[in-house]
There are 2 protein chains.
Amino acid sequence: MNAARALPAPPHATAAEAAHRRLKAMILDNAMPAHSQWLEAALALELGMSRTPVREAMMRLAQDGLVAVTPRHGMRVLPLAAADMREIYDVLESLEPKAAELLARRRPSADVLAPLHAACDAMEAALRAGDRQAWATADEDFHRSLLDACGNPRLAAMVMQVWDQSHRGRMVTLNLRPLPEASTAEHRAILLAIAAGDGDGARELFRLHRRRGGAELIALIERSGLAWL
Amino acid sequence: MNAARALPAPPHATAAEAAHRRLKAMILDNAMPAHSQWLEAALALELGMSRTPVREAMMRLAQDGLVAVTPRHGMRVLPLAAADMREIYDVLESLEPKAAELLARRRPSADVLAPLHAACDAMEAALRAGDRQAWATADEDFHRSLLDACGNPRLAAMVMQVWDQSHRGRMVTLNLRPLPEASTAEHRAILLAIAAGDGDGARELFRLHRRRGGAELIALIERSGLAWL
DNA sequence: GGACGTATTAACGTATGCATTAACGGATGG
DNA sequence: CCATCCGTTAATGCATACGTTAATACGTCC
């Protein structure tokens, strides 16, 4: 399920960058569980570098909203409670529909939409195969492709930040819920609205998509346990 | 007009924190103009500290979207073009109305709304006095108070980030536009909707407020100059 | 026996040192 | 006169050193 999918690729080969990438992957893959604490010196030893780049990586993780750094206790991996998921879905419910609207208004060419079509196809195939992990990957591809194409890098970066924050929550609930048939169909409908240049339609479809998905996810989390991953 | 209004106050007395606060204030007040470049060593000398905390501050400014750090040329203060303002207002148009909706749905008590009422009063007073700077301060107070009270710190932090990014743009246009009478009235209307617990109403009023204000601001910027601050 | 004060220590924030590397300028060749 | 190659230099990223401070443990006093 986890398998340390290497986050993107090394753009700049700096140690601080590598430390950030590796630590982020470990947190998202739950290799560093919530509430666990890690000192600069320990991580430096673990990663085979000095405290300086580790320190920089910790700062960036804090900015990412994944850890809290407290002066004497190193960084603490933040738990993800139902309240956090609620905050995150409020943001997603506001920003992602806007991204869909922006993309639709751009009257995107077919090749811009190709990754979105591919992601939809992959989601439908995964659904037929009953492969939840593949579905989650395709879902992620869909949302990332949409953000990349929407033409507003600031908005895209903000969405990706909270998207990453909620990653562990989505992964844990993935196998607790029924196969996401409705969600898959909604993606296709959103894509059709975008392709048709219907900005308002795409935005509202997306808003409903997020609202339903968020409510389901939060209900699921509240039903299973309280304090969280 | 500028007068280096000290950003909040020293929460932690760390040199890196101080460097970040001072540099950010200088950028927002245009003491470090767009496109200007600053090396670590030069800033360290200027701020009376070593390169280490300056480096950290530069990283944080980059995260704030205020500068770009390029390996051999230090940090470069980012210009703010019409395209940036468009991106920023897309984000504000999505997130701030949501914040208003959230606050309204909380059925806030009178003392929670007190800062908002005070800000509205101050805006109206500034309008009568024709004091644009005072109006801008009150406007900022209104928006900040709303975010503080909305109950979603993630959303609030995101708005404040782009709000800061657009600060220079708002300051420059402040004296180029007619007195913001419509805007002042809109704030009052939004506040009334919030006080009435009308989430949908508050959200839509705020969306229109941002859309109109953003369009005006961008038109003003495009009319005056192209590449920017 | 428990609470308070003190000593110890370890984690951190900052300063500094060092090797790397890319930008700049000059010299050389066409 | 212009382009290219090479040497110089300075800015950086990382490593390490150092002083400060807070958390822990111990001893003492009540």
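Naming convention: chains lettered A, B, ... in sequence-line order (proteins, then strands); numbering from 1 in each chain.
Listed here is the closest heavy atom pair of A/Ala57 and A/Leu23: CB-CD1, 4.3 Å. When all heavy atoms of A/Leu113 and A/Pro108 are compared, the pair lying nearest together is CD2-CG, 3.7 Å. Looking at every heavy atom in both residues, B/Val54 comes nearest to B/Ser50 through CG2-O, 3.5 Å.
Looking at B/Lys24 and B/Asp164, a side-chain N of the basic residue comes within less than 4.0 Å of a carboxylate O on the acidic one, giving a salt bridge. Here B/Arg86 pairs with B/Glu222 in a salt bridge; the nearest charged N to carboxylate O distance falls below 4.0 Å. Using a cutoff of 4.0 Å between basic side-chain nitrogens and carboxylate oxygens, A/Glu56 and A/Arg60 are not scored as salt-bridged.
Contact check of residues 36-52 of chain A against DNA chain D (heavy atom, cut-off under 4.0 Å) returns A/Met49, A/Ser50, A/Arg51, A/Thr52. The stretch residues 53-69 of chain A comes close to DNA chain D through A/Pro53, each having a heavy atom under 4.0 Å from the strand.
Of the inter-residue distances, the one linking B/Leu28 atom CG with B/Gln165 atom CD reads 10.0 Å to the nearest 0.5 angstrom. If you take CD1 on B/Ile88 and CZ on B/Arg210, they are separated by 11.0 Å, rounding to the nearest 0.5 Å.
Atoms NE2 (A/His73) and C1' (D/dT24) sit 10 Å apart, rounded to a whole Å.
Between A/His187 and A/His143, the ring-plane angle classifies as perpendicular under the 30° and 60° cut-offs.
Defined by atom type and a distance below 3.5 Å, a donor-acceptor pair is present between the side-chain atoms of A/Ser166 and A/Arg170.
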Between protein and nucleotides 19-21 of chain C, what N or O pairs are separated by less than 3.5 Å?
from: C/dT21; atom 1: O2; to: B/Arg72; atom 2: NH2; distance (Å): 2.0

